[in-house]
Protein chains: 2
Amino acid sequence: MFELKHRDGLARICRLETAHGTLETPVLLPVINPNQLLISPREMKETFKIEGLITNSYIIFKNDHLREPALEKGVHELIGFEGTIMTDSGTFQSHVYGDIELDPIEIVKFQRDIGSDIGTILDVFSEPDDSHSKVKSDLEETLKRAKASVEHKGDMLLAGTVQGGIFEDLRAESASRISELACDVVPIGGVVPLMESQRYADLVNVVMTSKQNLDPSKPVHLFGCGHPMMFSLAALMGCDIFDSSAYAKFAKNGRMLFVDGTRFLAEMKKLPCECPVCYGRTPDELTAHPEKENLLAMHNLHVSFAEIKRIKQAIHEGRLWEMVEQRCRGHPKLLDGLKQLRKYKDFMEKHEPLSRELAFLHTSPDSYHRPVVARYQKRLAERFETSKTAHIVFPESHKPYHRHYKDKMSQLPENAQFWVDSYFGPAPMELDEMYPIAQSVIPEHPDAETIDAISAFSKSFFDSLGGDVKHYSDDMKTGKPAHHGDIAPERVRAVADMQFGKGASAFLFNGNLEFIKSKKTGKIRNVIVDGEHVLSMRASTGFFTLKPSGAERLHAAFPTPKLRVITQNEPAEFNREGKNVFAKFVLDADPEIVPGDEVLIVNESDELAAIGRALLTRDEMLAFKTGIAVKVREGIQARPE
Amino acid sequence: MFELKHRDGLARICRLETAHGTLETPVLLPVINPNQLLISPREMKETFKIEGLITNSYIIFKNDHLREPALEKGVHELIGFEGTIMTDSGTFQSHVYGDIELDPIEIVKFQRDIGSDIGTILDVFSEPDDSHSKVKSDLEETLKRAKASVEHKGDMLLAGTVQGGIFEDLRAESASRISELACDVVPIGGVVPLMESQRYADLVNVVMTSKQNLDPSKPVHLFGCGHPMMFSLAALMGCDIFDSSAYAKFAKNGRMLFVDGTRFLAEMKKLPCECPVCYGRTPDELTAHPEKENLLAMHNLHVSFAEIKRIKQAIHEGRLWEMVEQRCRGHPKLLDGLKQLRKYKDFMEKHEPLSRELAFLHTSPDSYHRPVVARYQKRLAERFETSKTAHIVFPESHKPYHRHYKDKMSQLPENAQFWVDSYFGPAPMELDEMYPIAQSVIPEHPDAETIDAISAFSKSFFDSLGGDVKHYSDDMKTGKPAHHGDIAPERVRAVADMQFGKGASAFLFNGNLEFIKSKKTGKIRNVIVDGEHVLSMRASTGFFTLKPSGAERLHAAFPTPKLRVITQNEPAEFNREGKNVFAKFVLDADPEIVPGDEVLIVNESDELAAIGRALLTRDEMLAFKTGIAVKVREGIQARPE
């Protein structure tokens with residue numbers, strides 16, 4: 001029903017099945033006012049291939065000429081759309097117009113009865129300025145209604161909204177308690193006032209405290225988020241569903257949406273956009289057009305849907321962070337939002353994919369705060385073996401050892417460990433092909449904030465090392481490292497420890513070590529121990545893929561659940577034949593697994609059944625009911641007794 | 001023939017008239033290969049309303065089946081395009097394929113004879129790696145050819161290329177010597193290798209040293225700049241013409257241009273774009289399309305032309321700096337280019353418009369290095385009167401005095417000068433409504449580099465002030481300033497000095513001062529001295545507009561050429577009637593005038609003829625042969641003797 005396919009940051013490309021089709025998230029549902037069809041669902045379907053839309057059951061309910069046909073023929077026929085229809089409950093209308101007559105259970109039953117695919121509870125909207133006690137009591141009421149609503153949802157999917165104002169404790173409570181109910185979609189509500197007043201730092205707090213406490217297997221809807229300048233940041237935080245009434249509202253008063261903000265048509269000297277509304281026209285022609293409002297709405301939808309596609313492409317490329325860093329330059333308050341996100345780095349890091357095929361692009365002081373940088377530094381401190389007593393540190397460079405050090409190096413101790421003060425912190429020579437160290441493009445002159453942060457981390461790291469630490473200055477950039485022999489053994493040990501955990505290398509490479517290298521690049525391809533192929537190294541990322549023999553060594557080395565995904569005995573037999581691990585069969589897993597990690601698939605008796613690449617974290621594996629948890633690369637047959 | 005209409009940074013929206021129409025710069029000329037028409041000029045005209053294109057006279061010259069018809073019917077009929085056609089000379093082909101047979105004068109004559117609107121000299125292409133002496137001798141040969149070519153251009157406009165490799169002295173020499181010749185367009189050549197290897201910092205040096213030494217009235221063509229990710233930075237540096245063969249070349253090998261880079265169609269999971277090629281299609285559909293190459297080329301053109309329109313809109317809005325700061329986040333090496341631009345801040349500042357209607361948006365550490373910040377700080381040090389002996393400095397805030405200070409303030413000296421450590425440096429209370437102080441949106445938490453830069457300037461400024469400087473700390477944010485009386489007199493004095501020069505206020509306001517204020521906002525509208533309306537204050541920028549009485553006071557106060565634009569006697573009589581000042585009549589002007597400045601228009605005898613707003617700098621007024629130098633607001637009749 002809800003299945004994760006691809007990811008980057010907390011963003012996820014998922015499939016959400018409903019009675020009328022499948023939504024691929026992140027998805028934008030245009031809002032259709034059943035009373036005023038500015039652009040018909042048919043036209044939206046034809047032009048934008050929309051999979052779903054959202055309409056307001058409250059308006060249908062309140063209007064006799066809509067209510068009766070809706071009950072009779074269903075909302076799909078009423079609206080003229082055969083795809084997924086989500087309905088809103090009138091929360092915002094009740095809040096703004098104070099309609100206290102509306103029965104919260106009746107409106108849920110009504111949504112069910114008109115055949116809505118995703119109905120919404122009538123939650124209580126809290127304003128950012130409301131007091132803690134007011135918000136708390138709103139919240140209790142919302143949860144009470146949600147609990148009662150679940151009883152009446154029938155076959156309809158039900159959206160149960162997170163409220164809690166701007167209070168982190170209440171958002172957390174709301175999110176975790178709503179997760180316990182049988183809701184199918186979780187909107188984050190009460191955020192429109194924050195977006196309207198550009199309180200993006202508060203918005204980030206609200207979304208992130210909610211996300212941290214939500215069941216990860218539920219699609220998250222950011223209610224009222226319809227401006228394309230917000231989409232990428234919201235997606236990065238793990239919001240799956242957006243709704244846009246903005247396209248129509250802004251069109252109504254002559255405004256055009258762009259990914260960097262909003263402009264009045266009246267102020268445009270050019271129509272700076274590729275879309276079919278804009279590309280052949282001047283602002284004057286558009287202004288004079290009899291269908292002006294409709295065309296503006298079409299432009300707004302073009303820009304909005306294209307942005308959703310850009311986000312999806314960025315998720316596939318693993319470049320969503322870069323995209324968000326660009327987008328957040330559309331407004332200084334969005335930058336405050338992005339900066340606020342640093343507070344949630346630990347949570348982000350747990351979900352951040354291990355690596356990607358494309359280079360890490362440094363684009364701003366925010367780049368250094370991406371989770372992969374934090375992960376590298378954390379693992380370096382926790383997992384990397386620094387046994388040598390002499391440490392030779394070369395000046396900052398993002399491509400360690402591509403610059404050449406020579407003469408003076410020959411006087412250095414033989415067993416010295418060589419480092420470069422890289423953009424990601426100190427990088428030992430052995431890790432200089434591992435993502436993100438080598439796979440990065442850094443300006444020649446990063447900003448001072450970044451340089452200071454790198455220096456501070458580097459200093460504290462070397463201070464903690466002890467031993468003899470010798471820094472070389474910039475004027476040695478033309479030199480060459482003394483250690484130009486084959487460092488393949490050191491390299492595989494270092495990468496194995498960083499990837500699988502401290503001490504992994506001692507078990508993996510305990511024996512006679514051989515390497516098969518690429519004839520073209522000289523890079524390590526396969527690692528052979530005592531004649532057995534234990535690991536392969538991926539040229540693009542410098543990380544290992546496991547072979548059965550390597551998996552067995554790690555399995556013997558570390559006690560459960562380290563590196564493991566534990567699955568039920570029966571499906572484990574299918575994994576032995578190379579079939580993927582489905583989330584619904586997973587009993588437990590190593591909480592340190594990140595997406596993209598190489599993992600050991602074991603059965604209930606901790607017998608090795610397969611090796612593969614994790615798509616989900618442990619919490620996600622346990623929460624998701626559909627979809628693949630681990631892509632199996634190779635099954636491992638049971639050992640004969 | 002070449003006339004400046006709007007500007008921002010060094011970017012300019014100009015009209016360039018040719019024999020076949022008018023180009024509005026910044027303009028992109030798609031390259032048409034006369035041998036292979038991937039997209040016909042007719043289709044380009046219909047779809048993109050192109051005003052001009054560029055084709056290669058060398059290819060036409062070398063191919064019998066093209067040469068003869070071209071000579072007979074003209075290049076316009078040959079290509080099938082009735083707009084402006086620019087021709088290239090084969091420099092790049094000669095350089096790459098080493099065709100030394102080509103006669104540099106013959107190819108110019110040929111371009112003239114086939115009716116090219118803008119022909120190009122056969123310059124000598126220097127590579128970035130060429131030695132200084134090699135480049136110098138290439139340069140001499142190029143200049144020799146340019147000089148000879150001018151003799152043969154006939155009615156054709158002639159483009160004389162700036163070369164000089166990466167040597168700043170040679171670029172400067174090349175630019176200033178080519179400016180002395182009767183060339184009509186100045187391409188900056190030899191830059192394709194820099195763009196291909198992403199040496200954007202070098203590119204910025206090359207363009208800026210050229211620009212600083214070029215005749216400002218000549219349109220500048222950045223030869224070979226066809227990637228939309230580069231356009232905005234190039235435009236900001238004052239490049240007016242771009243040419244794109246990239247749209248076709250990239251399409252040929254399956255690549256799509258985007259404003260943030262290039263992607264292979266084969267790697268696309270979505271088509272993340274609003275253009276008509278992309279919006280209804282999936283990557284698979286596009287890949288399978290029989291017209292794939294053509295469609296990719298169309299996409300590339302859509303993106304390219306839309307970016308040009310975005311740049312023009314940004315110039316109109318005064319937001320090109322913001323746009324460039326966003327675009328340069330597409331690649332770390334572009335960031336190096338942007339950072340390199342700081343080196344040319346003085347030159348940029350001379351051309352930067354005085355103010356704009358929209359707020360200054362801080363979007364990155366680069367924002368602090370925009371010329372308006374430098375201008376504010378420079379004028380504060382040079383022009384602002386700091387006569388008080390006590391200086392009270394409130395904590396950093398971009399909206400001075402919107403935060404309230406109270407209690408402790410009552411103990412402060414009556415005659416203290418109140419400052420806020422603003423984003424732009426110390427801001428006295430009197431300037432808190434002047435652009436960019438009040439018209440700015442700053443993040444709550446700017447990056448550390450910016451904060452350090454602000455603090456350093458602030459410290460040095462207050463160190464230089466002397467007197468008693470007292471800083472208040474952040475915990476006073478809830479206080480309120482003691483000085484809540486009417487500061488209108490101090491305000492107008494401070495703004496007048498900042499705008500017109502140190503001491504201006506003493507002359508302007510020498511008399512009985514009255515104010516007419518907005519009933520709605522309480523802001524100063526008109527300043528009356530001894531019953532005469534001397535100045536009005538623009539609510540949006542906090543700068544003054546001059547009234548005749550104010551102009552007379554300034555005229556009497558400062559000797560020529562201060563604040564003046566000196567025009568010929570005869571046209572000055574037209575200015576007295578309110579007609580604009582044309583550049584061709586300007587004899588001299590104050591070198592400190594920046595675009596947007598209020599100026600005094602005087603005749604050859606320094607008699608005041610009008611007041612108006614400058615569109616050009618002094619050097620531009622003297623160089624341009626067409627167009628308006630000053631928009632006259634009010635003519636001033638000659639005083640009776």
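Just so we're on the same page: letters track the sequence lines, and every chain starts at 1.
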Ion pair check, Glu307(B) and Arg327(B), cut-off under 4.0 Å |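 Yes, this pair counts.
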Salt bridge or not for Lys339(B) and Asp447(A), using N-O below 4.0 Å?
->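 No, no charged N to carboxylate O under 4.0 Å.
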Take atom NZ in Lys269(B); do more than 12 heavy atoms of anything else shown fall under 6.0 Å from it?
->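 It does not: Lys269(B) NZ has 12 such atoms or fewer within range.
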Using non-hydrogen atoms only, which part of [X] is less than 4.5 Å away from chain B: side chain, backbone, both, or neither?
| X | value |
| --- | --- |
| Leu361(A) | both |
| Arg319(A) | neither |
| Glu24(A) | side chain |

Under 4.5 Å, counting heavy-atom pairs only, tell me which of [options] racks up the most with chain B.
| options | result |
| --- | --- |
| His331(A), Glu267(A), Glu317(A) | Glu317(A) |
| Glu46(A), His302(A), Glu325(A) | His302(A) |
| Lys270(A), Arg329(A), Lys312(A) | Arg329(A) |
| Cys278(A), Ala453(A), Pro365(A) | Pro365(A) |
| Glu449(A), Glu274(A), Lys309(A), Arg310(A) | Glu274(A) |

Derivation of the ring pair (Phe, Tyr, Trp, His ring centres under 6.0 Å) call for Phe242(A) and Phe231(A) | CA-CA 8 Å; Phe242(A) 308 110; Phe231(A) 290 168; 5.0 Å; yes
Quick check: does any side chain N or O of [X] sit under 3.5 Å from a backbone N or O of [Y], one acting as donor and the other as acceptor?
| X | Y | result |
| --- | --- | --- |
| Tyr435(A) | Ser540(A) | no |
| Lys49(B) | Gly280(A) | yes |
| Asp240(B) | Val27(B) | no |

Return the option, out of Glu322(B), His299(B), His316(B), Met323(B), with the maximum number of heavy-atom pairs under 4.5 Å with chain A.
->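 Ranked by heavy-atom pairs under 4.5 Å with chain A, first place is His316(B).
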